[in-house]
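Shown next, in structure tokens, is the structure this report addresses.
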Protein chains: 2
Amino acid sequence: MVSKACTLAPNVLSAQCPTRQALDLIADKWTTLLIYLLSKGKQRYGDLHRQVGGISQKMLTQTLRKLERDGLVTRHVYPEVPPRTEYELTKLGHTLIGPLGALCEWAGAHLAELEQARKRYDHLQKKPSLSA
Amino acid sequence: MVSKACTLAPNVLSAQCPTRQALDLIADKWTTLLIYLLSKGKQRYGDLHRQVGGISQKMLTQTLRKLERDGLVTRHVYPEVPPRTEYELTKLGHTLIGPLGALCEWAGAHLAELEQARKRYDHLQKKPSLSA
DNA sequence: CTGCATCCTAGATGATACTG
DNA sequence: CAGTATCATCTAGGATGCAG
């Protein structure tokens, strides 16, 4: 097994590296969104569903369950008549906000460059008839 | 919190938010690996292929192209007889190492907790027959 | 050596219907 | 309300073969 620290990993090549696992954790479409929403406090299933909008019940439940499994969020079901379930970020979950925030900041700071690069790249690709 | 854009996004709900784009950028299996490898300096196609190991030519090329398109790496093709192509991280590419590193550090610091939580979760799930 | 095109499978995701 | 179950689909990714 892998030991520990790594800037980006000593042997990222193996799927065992924490980096890989961390990435797999937030790699999907919804995890980040949910963590973001929950970073503002506990919320009910329906609230999350409504806020995310495009998500299907299936993915919402699935993602929430994964987060719960990973100890990132807690799921509190109230044995009431009209079912009520509240999801809340755990302490561990909150620690993820930092790294995720760093990534977000990076994105915000370089979005323009990315779009520019992309635009330029696509532009060059469309110009194979300049002198060739 | 973060200055302008978003802590994790103002409207992450829309695929337009930088967060989503940032995530999409590194969400796939190989991007991170490649950035990691290239963070050590320029390398040839074959070298990368050999180092990553499990990657297929298709994904290697595809990922490399995406990185190039996003301005994260440069692709230098030498018009020699035995084709030689060197990939190198751009300045922008280097800036990604930080955020990625933060995520990696997080992973390294909390991997144990994650596994523990996961184990506990699975354990509980397998115990529906405790008193029933 | 570097890279592209094609075929094919598995998993991810969405839509819908049903239940406690 | 909060899920679960199922079906259909879409696409990422791997394998292979060909080309400059």
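The chains referred to below are lettered A, B, ... by the order of the sequence lines, with proteins before strands, and numbering in each begins at 1.
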ask   = Do NZ/NE/NH1/NH2 and the carboxylate oxygens of Glu68(B) and Arg65(B) come within less than 4.0 Å?
value = yes
task = Figure out the NZ/P separation between Lys58(A) and dA8(D), and round it to whole Å.
result = 13 Å
query = Does Arg75(B) place a side-chain N or O at less than 4.0 Å from the phosphate oxygens OP1/OP2 of dT2(C)?
reply = no
ask   = Do any side-chain nitrogens or oxygens of Thr85(B) fall under 4.0 Å of OP1 or OP2 in dC1(C)?
value = no
message = Can you see if the side chain of Lys29(B) gets near the phosphate of dG14(D) - specifically, an N or O under 4.0 Å from OP1 or OP2?
response = yes
Residue pairs fulfilling salt bridge (Lys or Arg N to Asp or Glu O under 4.0 Å) with at least one residue in residues 31-48 of chain B, sequence neighbours excluded = Lys42(B)-Glu86(B), Lys42(B)-Glu88(B), Asp47(B)-Arg50(B)
Exceeds 12 heavy-atom contacts within 6.0 angstrom, atom CZ of Arg120(B) = no
request  = May I have the distance from Arg84(B) (atom CZ) to dG3(C) (atom C1'), rounded to whole angstrom?
outcome  = 17 Å
task = With DNA chain C as reference, determine whether Met59(A) or Pro83(A) sits nearer its 5' end, using the nearest nucleotide of each.
result = Met59(A)
query = Rounded to the nearest Å, what distance is computed from the CG atom of residue Leu23(A) to the P atom of nucleotide dA12(D)?
reply = 17 Å
task = Please determine if a side-chain N or O atom of Tyr87(A) lies less than 4.0 Å away from the OP1 or OP2 oxygen of dG3(D).
result = yes
message = Without decimals, in angstroms, what is the distance between His49(B) NE2 and dT2(C) P?
response = 10 Å
key: Nearest-angstrom distance from the residue atom CD of Gln57(B) to C1' of dA19(D)   = 12 Å
task = Measure the distance from CG on Leu64(B) to C1' on dC1(C) and round it to the nearest whole Å.
result = 14 Å
query = Could you give the CZ-to-C1' distance, from Arg50(A) to dA2(D), as a whole number of Å?
reply = 12 Å
Arg84(A) charged N/C atom sitting above Tyr78(A) aromatic ring, 6.0 Å / 45° = yes
message = Does a side-chain N or O of Arg44(A) approach OP1 or OP2 of dC1(D) to a distance below 4.0 Å, or not?
response = no
query = Does a nitrogen or oxygen in the side chain of Thr61(B) sit under 4.0 Å from OP1 or OP2 of dT2(C)?
reply = no
key: side chain to side chain contact (heavy atoms under 4.5 Å, CB included) partner of Thr31(B), the single match among Leu72(B), Leu100(B), Leu67(B)   = Leu67(B)
Gap between atoms CD1 and C1', on Ile55(B) and dG13(D) respectively (whole Å) = 10 Å
